[in-house]
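Naming convention: chains lettered A, B, ... in sequence-line order (proteins, then strands); numbering from 1 in each chain.
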Amino acid sequence: MMETPQPADPALPPPIPPPLPPGPVLAGQVPVAPADPTPVVAFRNVSIAFDGPPVLDDITFSIAPGETRILLGPAGVGKSVLLKLINGLLRPDQGSIELFGEEIAAMSEQRLFPLRTRTGMVFQEGALFDSLTVRDNVAYQLIQEKVPDDEIDRRVHEALTFVELDNTFALFPGSLSGGMRRRVAIARALIHQPELLLYDSPTGGLDPITSTTIVELIVKERDVFRTPSILVTHRLQDAFTLCTHRFDTDLGRMVPIPDGKTDPSTTFLMLEEGRLIFNGSLHNLLHTDNKFVREFLE
Amino acid sequence: MRYPVEASEVTSRSTRAADRMAIEAIERTAKNIVSTVQDYSLFAQRAVTNLFRPPRYWTDFLLQCNIVGVGSTPIVLISGFFTGGVLALQSAATLSEFGATSVTGRFVSLTMIRELGPVLTGIMVAGRNASSMASELGSMVVTEQIDAMRALGVDPVRKLVTPRLFACVTMLFFLTILADAFGITGGAFVTVFMNHQNGTQYFSQAWEHLTYSDIVQGLVKPLVSGFIVASLGCFYGMRTTGGTEGVGRSTIDAVVFSSVLIIFADFLMTQVLLTLFPPI
């Protein structure tokens, strides 16, 4: 039987059941992807502060190949800081961070540049270069590598087609809407076929329909390329949509995963006042007895 | 009689607390100054040494030469011309008391070439370009474009700062020559058309008393001024914090500190150059 196409509205979060005692895996629960011996990203006891109390305190987690992590938490809890620590845009005060198996906590900026080219990052507001066209923004990395113009144009068209914005090729970012800017930013992050994707609140400040379009692109990227990623958000509906939907390549759109199942490779992290208070699957998140998590979900 | 004793204890305790707070404030300020100087030194060193290692962004260099050089030409020419004119007016009034109006050309050319040309051009370019560099880079910082550049594997200091630095140094050198030339022309204009003196005498005085050391003094200074303008403009831009308000603050800091530093550096360089090339 064909799956029913999902309407454009964001999926509503599933009802929150009461907390469960630790026990055997329940029916319908999809097990979390097993931890890989060589994670793409590994944080060990990472802390960072900016002239005050720690923004992040003793954070330990990892991202396995093919895994999508959703980082939840209220605004100002340190989610974007954590994301910037992953690719070395910020340096921790304590702890160890491994990116692609290399320790980057104390790595020089010059040595970090080649490592960063293996990652793609989508910033909160897109962070497109105002003085460059969409083509030059998306192709920024390729232009630096002196890739021939024909090859650049072809790959930019491919990336823009992926985010369904091929008609913006020659436009400047100033003439794009907020949602279009985020989609161009996703195209820029994808063009170099990164080995890790970092999404910093890609739906923040957008209307629900545009948010769903962005989430659909992220689901598409996850299911088509299987790139490991971490997505920062404080919007539960986006997080649940990511977890409960998959991209149907035949239909060319995002559809719900049948039988109430969730994507096994999509798991959750949650921060509270700089500390990691949750690390696990959607099922565990919904059944946790952590008071803060339950308040956040409600 | 316990009350007076307790009162004096309270007073001395609050005095000690006030002293401690004052010392802490001084310590904090001193640390901030030292830290800023250290950051600036490292930043400037990175910007300079980047020129000697690939990749080099020659297109950005030429673009900045156009922005700094061509863009600043009108204000530099106009300010140079009128400065020369004012010098001629003022000097002629004083020199006439000694019957020495014939040396107006010498006075104007030496003053323009050795001091006013380099300093005025530096300050004009600082007002125009240090502010634009600080605000442009500051806006890029607050909109995360600098972070985006780093995330894309491009060194923003190499891509944005180094071309600006070398373009500013190169262009300020030529702008100073233009300012000197237009200053002397302005002086000539006033001398001939307002003071009704001999133009040939003015130019021969301006030319004949010019020495090699005057030229060296006049052309070393813009190199340093150019470095100050671009490095401080970019430095304050790149360390912008606090959104659009922070961009405004960075712009003010860049213009104020670069202007003051140009004058201070001019004083130091004049001392050194006068020692190296003593007046005959």
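In this structure, chain B has no heavy atom under 4.5 Å from any part of A:Leu115. The contact between A:Gln124 and chain B is made by backbone and side chain atoms together, counting heavy-atom distances below 4.5 Å. Interface remark: B:Met140 contributes side-chain atoms only to the contact with chain A (heavy atom separation under 4.5 Å).
The two residues A:Phe113 and B:Pro156 make their nearest non-hydrogen contact at CZ-CD, 4.3 Å. Taking every heavy atom of both residues into account, B:Ala151 and A:Met121 meet most closely at CB-CB, 4.2 Å. What you find for A:Ala127 and B:Ala148 is that their closest heavy atoms are O-CB, 3.7 Å.
Heavy atoms from other residues, nucleotides or ligands lying under 6.0 Å from CZ of A:Phe100 number more than 12. Few gaps surround CZ on A:Phe123; more than 12 heavy atoms of other groups in view lie less than 6.0 Å from it. In the displayed structure, A:Glu158 atom CD is contacted under 6.0 Å by more than 12 heavy atoms of other residues, nucleotides or ligands. Atom CZ of A:Arg154 has more than 12 neighbouring heavy atoms from other residues, nucleotides or ligands inside a 6.0 Å radius. Within 6.0 Å of CZ in A:Phe169 there are more than 12 heavy atoms belonging to other residues, nucleotides or ligands. Within 6.0 Å of CD in A:Glu273 there are 12 or fewer heavy atoms belonging to other residues, nucleotides or ligands.
The closest side-chain heavy-atom distance from B:Leu152 to A:Arg188 is below 4.5 Å. Between A:Lys84 and B:Glu144 the shortest side-chain heavy-atom distance falls below 4.5 Å. At least one side-chain heavy atom of A:Gln110 sits under 4.5 Å from a side-chain heavy atom of B:Arg46.
Rounding to the nearest 0.5 Å gives a distance of 9.5 Å between OG1 of B:Thr143 and CD of A:Glu125.
Annotation: residues 129-150 of chain A contacts chain B through A:Phe129, A:Asp130, A:Tyr140, A:Gln141, A:Gln144 [non-hydrogen atoms, separation under 4.5 Å].
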